[in-house]
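For reference, the structure is listed below as structure tokens.
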Amino acid sequence: MAGKRKIRILVAKPGLDGHDRGAKIIARGFRDAGFEVIYTGLHQSPEQIVEAAIQEDVDVIGLSSLAGAHNHLFREVLRLLKERGAEDIPVFGGGIIPDEDIPKLKADGIREIFTPGTKVEDVVKWVEENIHPRG
Amino acid sequence: MNPKEWAEKIVNGDIRAASRLMRDIDDRMPWVSDVLKELYPHTGRAYIIGVTGSPGVGKSTLVDCLIEDFRKKDQDVGVVVIDPTSPFTGGAILGDRIRMQRHSTDSGVFIRSLATRGSMGGLSRSTSDILRVMDAMGKDVILLETVGVGQDEVDVVNTAHTSMIVLIPGLGDDIQAIKAGILEIGDIFVINKCEREGAERMEREIMMMLELGARRKDGWEPKIVKTEAIKRKGIKDLMEAIEEHRAFREDPEHKRRFLRKALRIELLSNLKDQVSGRIMEALGDEEGLDTVVDEIIDGKVDLYSKSEEILKRVLC
């Protein structure tokens, strides 16, 4: 009974803004790439995101932020993952994120940042190349 | 980690160990059966409640309400929610969590989303094993939400101790769609969105159908409950109906009958899985299978002789 791994990915929308079109498009792109996408909807707290990621045993977390609170929220997700002993789950982000924030976020451990205009295929490609389902 | 340690971690409340095992079960990793063997003595305590019905009837919202009420009773709650896998891409969007995410940070609630991964019947192949892991985690109650079902995805009835069918008024030809199959399996019928026109009529129709139908072997008379889950209306009645059915099932004879049927199905499907796994192994997986199929296409051998030959090879 040789099993086969499938990439499981959590797509979450932390913070207060109510624009989830981008997150939904990305979620569909992931589905079409053959991933299992756990979509948790709007207004998620970092705590909710981290607990969901652990309960769902995802391989990667994708965060979407359009409201400008990414610096705080993304870091909070990283901090909580560490606190829960789950810092091995990589995190990437997307949305309206100023260029000058990107190197700092990456230095803190956000693996990649996708800004508006990125093609869905490129995000999928990045996941396929960088995220490996748990061995 | 050896199977024994892994199982101990799960029983002692290690969430990560549990969710990782669930993943390995879903991905059909060969070592999971050793861990499940260790967990088995810790199972058999959780009460499993199945929630099924067409897409959009409010299953997830009802589950969210039930989580809340069971938590008020200080029960530890597990939740398994199942969504369909795309037959074309193999991918899935698992979105049922959205309606219950407020419970995500409650340590007494564990929610797991599963994709059907090609399995018919409304559940995933991994469902029974994953329910068992939650059972071993010490969950008192497990809510099992199936994919939005049509007419004959009835596996839930052999998995859940209490099965509820969720309906809404005015959905096409009301009862028509559920006449056979799922209408026969409900221990409780929930008419959700009951503020809508046609709820009374639907209730009468279900009642009539139940009266006309053959009496159930176990003697249970299915309950009908009207709810408006989004406003939390009728949830108390639903909880009472669940409790009533649960009390009814306490009868050792009923329990044994359910278990016998459930375990028969599980044992057979487990055996089938193992045998088909061995066959694939003997063939040399997908590639080997292709080679054999090509032999048949090219007329070198007929399908029936080849099947016999392969089976002999595997079983001897």
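Residue numbers start from 1 in every chain, and the chains themselves are labelled A, B, ... in the order their sequence lines are given, proteins ahead of strands.
How far CG of B:L114 is from CD1 of A:I38: 9.5 Å, rounded to the nearest 0.5 Å. The line from OH of A:Y39 to CG of B:L94 is 13.5 Å long, rounded to the nearest 0.5 Å. Within the model, atoms CD of B:Q101 and OG of A:S45 stand 8.0 Å from one another, a figure rounded to the nearest 0.5 Å. A distance of 9.0 Å separates CG of B:D26 from NZ of A:K6, quoted to the nearest 0.5 Å. Atom CD of A:E51 is separated from atom CD1 of B:I111 by 10.5 Å, given to the nearest 0.5 angstrom.
For the pair B:R20 and A:D88, the salt-bridge criterion is met [side-chain N within less than 4.0 Å of a carboxylate O]. The pair A:E36-B:R117 counts as a salt bridge, with a side-chain nitrogen and a carboxylate oxygen less than 4.0 angstrom apart.
In A:E83, the CD atom is crowded: over 12 heavy atoms of neighbouring residues, nucleotides or ligands sit closer than 6.0 Å.
Heavy atoms closer than 4.5 Å to chain A are found nowhere in B:V81, neither backbone nor side chain.
At a cut-off of 3.5 Å, with distance as the only test, a side-chain donor of A:Q55 or B:R97 sits close to an acceptor on the other residue.
Here B:S19 is the residue among B:S19, B:S276, B:G95, B:S107 with the most heavy-atom pairs under 4.5 Å with chain A.
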task: Assess whether side-chain contact (heavy atoms from CB on, under 4.5 Å) is satisfied between B:I93 and A:K24, documenting all intermediate values.
output: CA-CA 10 Å; B:I93 293 187; A:K24 279 181 175 160; over 6 Å; no

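The main-chain N or O of A:R31 is found under 3.5 Å from a side-chain atom of B:T89 such that the two form a donor-acceptor pair.
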